[in-house]
Peer 1: 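Let me begin by handing over the structure; questions about it come next.
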Amino acid sequence: MDFDRLPELGHVLSVDQFDRPFLDKICDVTQEIRELRDKPDGKRLLKEQFADRTAMLYFTQPSSRTYTSFAVACQELGVSIVDVRDPHTSSEVKEESLLDSIRTFSSYVDVLIMRSPVEGLARDAAAYLDATPRPRPIVNAGNAKDEHPTQALLDIYTMRRSFKDRGGVDGKTVAFVGDLARSRVVRSLAKLMYHYYDMQLLLVSPPEFRMKPDILAHLDQHRVRYEETADFNGAVRQADVVYMTRVQDEHDAADGTRSPRSFPEFHFTQEHLGILRPEAIVMHPGPRRDELDPATDDDPRSKYWRQMRNGKHLREAVIACILATLQRKRNERRR
Ligand code: NCD
């Protein structure tokens with residue numbers, strides 16, 4: 001594995017910045033890092049790569065998988081981490097502006113990984129720091145209801161690996177199920193679908209949680225075939241990927257709605273395993289509620305636990321690309 005030749009990567013703000021060559025490449029890098037780790041001495045080699053670097057994990061919204069996978073990914077690359085998980089412990093309580101706090105962090109760390117309920121914070125932080133003498137790459141680890149670009153990348157990686165003997169992601173039918181209006185995961189992944197040939201999307205949701213017009217317009221503009229439906233069983237029969245999501249009711253207060261905990265007519269249960277195609281897979285970004293029955297966990301087509309583990313591998317690739325890019329820039333400046 002040649003760290004000097006990792007693809008160029010700066011801010012990771014939105015899936016809009018990715019093209020097909022990058023998507024293919026980041027999946028290849030993820031795979032190479034996994035293979036290197038399994039080689040004798042591989043773990044040590046990885047740990048030596050970026051040992052003088054520090055990352056800030058600024059996570060002021062709840063997170064288990066994304067936070068832990070980013071933290072462990074950094075540690076496996078030798079990157080030290082500092083974090084803010086509760087804004088009450090940072091100077092935001094002294095009414096420092098968010099941008100000042102971010103500029104403060106950027107004085108001490110090389111990369112900022114951010115999850116925030118504030119709409120567009122990662123993007124605004126990136127633009128703000130770019131205009132200072134100490135710009136720093138920002139990784140959006142999920143912002144408000146908008147985007148979750150690294151989740152979309154790990155989902156692509158999971159699909160590519162699951163279908164490695166069936167032509168990868170191209171040509172697949174993906175059923176997105178649940179709160180399609182507010183799942184930033186689904187929004188980001190749906191926007192990547194046009195990079196793959198001959199995709200078909202089945203958008204399965206209760207009427208109040210239909211996919212938002214901006215994503216439908218994006219699919220139309222890029223000629224991705226989709227069908228909005230409430231026929232969950234029909235979608236399960238047809239799909240290569242059944243992608244389940246939870247009701248995102250943390251947004252209820254802001255939206256002025258009161259959502260049910262889940263929609264029983266869209267729960268994936270053991271019975272659905274009987275109608276799911278033998279070569280299909282089931283995905284879920286986590287955390288799950290009743291929409292995905294734990295009794296389906298042991299079916300070989302259930303890939304959500306693997307999907308979660310892939311999160312760490314993929315995020316390690318993302319961090320490695322960002323830090324290798326910084327390293328190259330630093331070397332160029334020295335020359
Ligand atoms: C998702 C999120 O935070 O958007 N979780 C995750 O990062 N894996 C999905 C969710 O919370 O439902």
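Both ligands and their constituent atoms are indexed starting at 1 by order of listing.
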Peer 1: At less than 4.0 angstrom from any atom of ligand 1, which residues have a non-hydrogen atom? List them by chain and residue number.
Peer 2: T66, R115, H148, Q151, R184, V185, R246, Q248, P285, G286, P287
Peer 1: Of all residues at least two apart in sequence or in a different chain, which pass the salt bridge (Lys or Arg N to Asp or Glu O under 4.0 Å) check with E48?
Peer 2: R44
Peer 1: Please, which pairs that meet ring-ring contact (aromatic ring centres under 6.0 Å, His included) have at least one residue in residues 159-183, sequence neighbours excluded?
Peer 2: F176-Y243
Peer 1: Only pairs at least two apart or in different chains count here, so list each ring-ring contact (aromatic ring centres under 6.0 Å, His included) that has a residue in residues 117-161.
Peer 2: none
Peer 1: Look at atom CZ of R34 and say whether more than 12 heavy atoms of other residues, nucleotides or ligands are closer to it than 6.0 Å.
Peer 2: yes
Peer 1: Checking salt bridge (Lys or Arg N to Asp or Glu O under 4.0 Å) against D240, which of R301, R277, K303 comes through?
Peer 2: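 When R301, R277, K303 are each tested with D240, the salt bridge (Lys or Arg N to Asp or Glu O under 4.0 Å) holds only for R277.
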Peer 1: Cationic tip of R115 within the cone over F59's six-membered ring, i.e. under 6.0 Å and within 45° of the normal?
Peer 2: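 No.
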